[in-house]
K.L.:
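My questions all concern the structure below.
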Amino acid sequence: MNDKLKELADLMFPNVTKTVSDYEKMYPERKLEDGARVTRFAPSPTGFVHMGSLLSALEDYKAARDTNGIFYLRIEDTDQKRSVENGITGILNDLKNFDITPDEGMINETDAIGEYGPYIQSKRQEIYHTFAKDLVLRGLAYPCFCTSVELDEIREIQELNKERIGYYGSFAKCRSLSIDEAINKIKAGCEFTVRLKSPGDFDKKITLHDEARGDIEFPENDLDVVIIKSTDKLPTYHFAHLVDDHLMHTTHVMRGEEWIASFPIHAQLFEVFGFELPKYVHLGVVMKIDEEGVRRKLSKRKDKEASVEFYHKEGIPKDAVKLYLMTIANSNFEEWLNNNPDKDLSEFKFDFKKISTSGSLFDVEKLFNISKNYLSKLSATEIYDNLLIWTKEFDPEFYNILENNKDYAISVFNIERGGEKPRKDYTSYSSIRNFVFYMFDELFENPDYEWNKITDKEEIATILNTYYEKYMVLDNKDEWFPKVKEMCDELGYASNIKEYKKNPDMYKGNVADVSGVIRVALTSKTNTPDLYEIMKLLGKDRIKERFDRVLKK
Ligand code: GLU
């Protein structure tokens, strides 16, 4: 070994006692079945997950689950500016809310499960330093003493001369320092970063493979990128990615497409270590069309629908959110879902080739629609149980009512549920109250009656009184409507709509107008599910009470 390089490396990393191969022994190959994928979700501890990152977590999770692999959570906190207090807890909660459970990784702010940790980068400094020292010892990394002012100057010159921006070739000043010069500067206490001494040639091409996009040709990397930062001695993303994904035996690096440009840097880092390159999947960006009709990236700052919390508050079932996210994840998923409406998500195989690489449009309307379909398939008891959980957090008044009237509430949710064509009005748990409030006396204290065709007070009174006294049937579904028709004949309304359309002038109105009066009197709404079912559940006394209330007005 070159003694001078060793002196330099020891000066740069005085605390390193292990070698790269020591760590490789500590983290041996995983014992998994052939083809099992090891994936990771690697967020900064920013405290919450937004829809874009939830999507990639779901994709990572699916990719691993589909193959009996491992999905782990690694916290990337090397950019300390992005860390927030309890940032890991927030992420864990969001993942848990969607049943995306990592097999390994952080489980709270400080602890982790799994044999390949630490799973938080700030606790891996010694490992990064060992790997960086290895490069220095082999003459493949060097200390750089350039100040930010000097780096700015380099950039200005490059901009002025229209040259490629970056620290490379003759611009890489510290690359050409002699080892002695470097040693002396460190001994003199100069601050330094550690840079890769790139062996690449920008004029040569390399082809890298992306599992979603196929082969991509790049110029070789010749940038002497920073691998260890000066201030906190933490690694850059590039270097941490190399070390972590190598030692944690990640098979598939699935990450945002903003990393494509750095792909040649990463391939080179793996190459200088002689490590096998993992497979890469660069995911598309999630887009939206904003109010001005402009297509742009979904923004966690600007767009409320980008935050996971939004769906929680709205009461969109997490499974519906997941189904929707899968339609973004794989272009063939929607068709699969339509063909297999009753199959579980786990039966769908996530396919890298079906990832939309041009970016997918985030469509809240579609999400609500999926939610609607999803809710329409739940049983009344499931609706009740889930709604109880949601209202407990967001609507305590409704929660109490539901809790005190369990069986009745389930019967209410059961109206037009099940069967071939179940009702599809609920879009979310938060929407349900508006569709059923009239079934609960406590919520029907001051209704806003939507009188429609028949608005005359005398006429309304006549209809309600006649109906209650002579025609109301609550115990026979086949008979109740014929009775309403009978009443129409008595009161001068057409009991047959076709007949009415032919000779509208002969009647005061038709049977729909008459049943509409009954409906509004009982529910205040012009649109409700099956009126007979509603009346049956309200029962005679409450019907009377509601009619009287209208009559008194
Ligand atoms: N912490 C990186 C990010 O949030 C992770 C990228 C990756 O998965 O490699 O962009």
K.L.:
Check the pair E393, K313 against salt bridge (charged side-chain N to carboxylate O under 4.0 Å, His left out), reporting the backbone distance first and the verdict last.
P.N.:
CA-CA 9 Å; E393 192 172 354; K313 283 197 186 129; over 6 Å; no

K.L.:
Give, for atom CG of L361 and atom CD1 of I328, the distance between the pair rounded to the nearest 0.5 Å.
P.N.:
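Rounded to the nearest 0.5 Å, the CG-CD1 separation comes out at 8.5 Å.
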
K.L.:
Check for me whether the distance between the ring centres of Y280 and H241 falls short of 6.0 Å.
P.N.:
yes

K.L.:
Is there a side-chain contact between M326 and F350, using heavy atoms and a 4.5 Å cut-off?
P.N.:
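Yes, side chains in contact.
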
K.L.:
Compute both the distance and the angle, then confirm whether R30 meets the cation-pi test with Y116: under 6.0 Å from the six-membered ring centre, within 45 degrees of the axis.
P.N.:
yes

K.L.:
Say whether E450 and S524, considering side chains only, have a donor N or O and an acceptor N or O under 3.5 Å apart.
P.N.:
no

K.L.:
Among pairs that include at least one residue of residues 41-54, which meet side-chain hydrogen bond (donor to acceptor under 3.5 Å, both in side chains), considering only residues two or more places apart or in two chains?
P.N.:
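Output for this query lists S44-R82.
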
K.L.:
Is there a side-chain contact between L283 and E59 (heavy atoms, below 4.5 Å)?
P.N.:
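Side chain of L283 against side chain of E59, heavy atoms only: contact under 4.5 Å found.
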
K.L.:
State plainly whether the residues E104 and R74 are in salt-bridge range, i.e. N to O under 4.0 Å.
P.N.:
no

K.L.:
Of the non-hydrogen atoms in I534 and P529, which two are nearest, and what is the gap between them?
P.N.:
CD1-O, 3.5 Å

K.L.:
Going by an N to O cut-off under 4.0 Å, is there a salt bridge joining R549 and E545?
P.N.:
yes

K.L.:
Could you tell me whether the side chain of D363 and the main chain of K366 form a donor-acceptor pair under 3.5 Å?
P.N.:
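Side chain of D363 to backbone of K366, a donor-acceptor pair under 3.5 Å: yes, one is there.
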
K.L.:
Is the closest basic N to carboxylate O distance between D94 and K318 below 4.0 Å?
P.N.:
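Judged by the 4.0 Å cut-off on N to carboxylate O distance, D94 and K318 do not form a salt bridge.
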
K.L.:
Say whether E490 and Y471, considering side chains only, have a donor N or O and an acceptor N or O under 3.5 Å apart.
P.N.:
yes

K.L.:
Any donor and acceptor pair, going by atom type alone, linking the side chain of S428 with main-chain N or O of E314 inside 3.5 Å?
P.N.:
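Side chain of S428 to backbone of E314: a pair is present.
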
K.L.:
Would you check, one step at a time, whether the test salt bridge (charged side-chain N to carboxylate O under 4.0 Å, His left out) holds for E416 with K421?
P.N.:
CA-CA 8 Å; E416 287 187 30; K421 274 199 161 45; over 6 Å; no

K.L.:
Okay, side chain of D210, backbone of G214: is any donor-acceptor separation there less than 3.5 Å?
P.N.:
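The answer is no, because no donor-acceptor pair under 3.5 Å joins these two groups.
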
K.L.:
Contact between Y468 and D548 at the side-chain level, heavy atoms closer than 4.5 Å - yes or no?
P.N.:
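A side-chain contact is absent here, since even the closest heavy-atom pair is not under 4.5 Å.
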
K.L.:
Looking only at side chains, do Y72 and D103 share a donor and an acceptor under 3.5 Å apart?
P.N.:
no

K.L.:
Judged by atom type as modelled, is there a donor-acceptor pair below 3.5 Å linking the side chain of T67 to the main-chain atoms of A36?
P.N.:
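Looks like no, no N/O pair under 3.5 Å.
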
K.L.:
Between side-chain atoms of residues 253-264 and protein atoms elsewhere (two or more places apart, or another chain), which donor-acceptor pairs fall under 3.5 Å?
P.N.:
from : atom 1 : to   : atom 2 : distance (Å)
R255 : NE     : H282 : NE2    : 3.0
R255 : NH1    : Y237 : OH     : 2.9
R255 : NH1    : H266 : ND1    : 3.2
R255 : NH2    : H266 : ND1    : 3.1
R255 : NH2    : H282 : NE2    : 3.3
E257 : OE1    : R213 : NH2    : 3.3

K.L.:
Is there a donor-acceptor pair closer than 3.5 Å between any side-chain N or O of R542 and the backbone N or O of M439?
P.N.:
yes

K.L.:
Kindly give the heavy-atom pair with the smallest separation between L55 and L325, and that separation in Å.
P.N.:
CD1-O, 3.4 Å

K.L.:
Are V511 and V484 packed together at the side-chain level, in the sense that at least one heavy-atom pair is separated by less than 4.5 angstrom?
P.N.:
yes

K.L.:
When rounded to the nearest 0.5 angstrom, what distance separates CG in L58 from CZ in R65?
P.N.:
11.5 Å

K.L.:
Walk me through it: do K477 and E533 pass the test side chain to side chain contact (heavy atoms under 4.5 Å, CB included)?
P.N.:
CA-CA 8 Å; K477 193 166 184 168; E533 300 286 344; 3.0 Å; yes

K.L.:
Quick check, are the ring centers of Y324 and F362 under 6.0 angstrom apart?
P.N.:
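Centroid separation for Y324 and F362: below 6.0 Å.
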
K.L.:
Check whether N414 reaches the backbone of I410 with its side chain - one donor and one acceptor, N or O, closer than 3.5 Å.
P.N.:
no

K.L.:
Do side-chain atoms of N476 reach the backbone of D478 as a donor and acceptor pair under 3.5 angstrom?
P.N.:
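Side chain of N476 to backbone of D478, a donor-acceptor pair under 3.5 Å: yes, one is there.
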
K.L.:
Report, as yes or no, whether the 6.0 Å neighbourhood of atom NZ on K457 holds more than 12 heavy atoms from other residues, nucleotides or ligands.
P.N.:
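Check fails, neighbour count at 12 or below.
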
K.L.:
State yes or no: are the ring centers of Y438 and F440 separated by less than 6.0 Å?
P.N.:
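No, the ring centres sit 6.0 Å or more apart.
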
K.L.:
Does R295 have more than 12 heavy atoms from other residues, nucleotides or ligands lying within 6.0 Å of its CZ?
P.N.:
yes

K.L.:
Would you say Y493 and Y507 make side-chain contact, with heavy atoms under 4.5 Å?
P.N.:
no

K.L.:
Is the closest side-chain donor-acceptor distance between N340 and E347 under 3.5 Å?
P.N.:
no

K.L.:
Would you check, one step at a time, whether the test side chain to side chain contact (heavy atoms under 4.5 Å, CB included) holds for Y408 with L402?
P.N.:
CA-CA 9 Å; Y408 175 75; L402 291 171; over 6 Å; no

K.L.:
So, taking the atom named OG1 in T89 and the one named CD1 in I107, what distance separates them when rounded to the nearest 0.5 Å?
P.N.:
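T89 atom OG1 to I107 atom CD1 measures 11.0 Å (nearest 0.5 Å).
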
K.L.:
Hey, are D215 and T207 close enough side-chain-wise for a donor-acceptor pair under 3.5 Å?
P.N.:
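No, because no side-chain N or O of T207 sits under 3.5 Å from a partner of the opposite role on D215.
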
K.L.:
If the threshold is 4.0 Å, N to carboxylate O, is there a salt bridge linking E291 and K302?
P.N.:
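No, no charged N to carboxylate O under 4.0 Å.
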
K.L.:
Give the C-alpha distance, both sets of side-chain angles, the deciding distance and a yes or no for side chain to side chain contact (heavy atoms under 4.5 Å, CB included) between M287 and L298.
P.N.:
CA-CA 5 Å; M287 317 284 290; L298 187 70; over 6 Å; no

K.L.:
Compute whether any side-chain donor of one residue and acceptor of the other, for N386 and Y429, lie under 3.5 angstrom apart.
P.N.:
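Present: a donor and an acceptor within the cut-off.
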
K.L.:
Test the R546-F444 pair against the cation-pi criterion, namely NZ or CZ under 6.0 angstrom from the six-membered ring centroid and within 45° of the ring axis.
P.N.:
yes

K.L.:
Ignoring hydrogens and angles, state whether a donor on the side chain of T528 or R519 is under 3.5 Å from an acceptor on the partner side chain.
P.N.:
yes

K.L.:
What is the minimum heavy-atom distance between V517 and W451, and which atoms define it?
P.N.:
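Looks like O-CZ3, 3.6 Å.
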
K.L.:
Using atom types as modelled and distance alone, determine if a side-chain donor or acceptor of E382 lies under 3.5 Å from a backbone N or O of S379.
P.N.:
yes

K.L.:
Using only atom types and a distance under 3.5 Å, with no angle test, would you say the side chain of S371 pairs donor to acceptor with the backbone of T427?
P.N.:
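Yes.
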
K.L.:
Quick one: are I518 and F547 in side-chain contact, heavy atoms under 4.5 Å?
P.N.:
yes

K.L.:
What's the separation between atom CG in L54 and atom CZ in F41, rounded to the nearest 0.5 Å?
P.N.:
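It is 7.5 Å, given to the nearest 0.5 Å.
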
K.L.:
Taking the six-membered ring for Trp and the single ring otherwise, decide whether the centroids of F348 and F333 are under 6.0 Å apart.
P.N.:
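Here the rings of F333 and F348 have centres that are less than 6.0 Å from each other.
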
K.L.:
For the NZ atom of K540 and the CG atom of L474, what is their distance to the nearest 0.5 Å?
P.N.:
8.0 Å

K.L.:
How about Y119 and I113: do any of their side-chain heavy atoms sit closer than 4.5 Å?
P.N.:
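With C-beta onward as the side chain, the pair stays apart.
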
K.L.:
Would you call K485-D489 a salt bridge at under 4.0 Å N-O?
P.N.:
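Looking at K485 and D489, the cut-off is not met.
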
K.L.:
Looking only at atom types and distance, does a side-chain atom of N503 sit under 3.5 Å from a main-chain N or O of M506, one as donor and one as acceptor?
P.N.:
no

K.L.:
Measuring only between side-chain heavy atoms, which start at C-beta, is V38 closer than 4.5 Å to F71?
P.N.:
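No - every pair of side-chain heavy atoms lies 4.5 Å or more apart.
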
K.L.:
For E211 and R37: C-alpha separation, side-chain torsions, deciding distance, then whether salt bridge (charged side-chain N to carboxylate O under 4.0 Å, His left out) applies.
P.N.:
CA-CA 13 Å; E211 297 297 306; R37 298 181 189 130; over 6 Å; no

K.L.:
Quick one: do D245 and R40 make a salt bridge, cutoff under 4.0 Å?
P.N.:
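Judged by the 4.0 Å cut-off on N to carboxylate O distance, D245 and R40 do form a salt bridge.
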
K.L.:
Supply the atom-to-atom distance D351 CG to K62 NZ, rounded to the nearest 0.5 angstrom.
P.N.:
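One finds 11.5 Å between CG of D351 and NZ of K62.
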
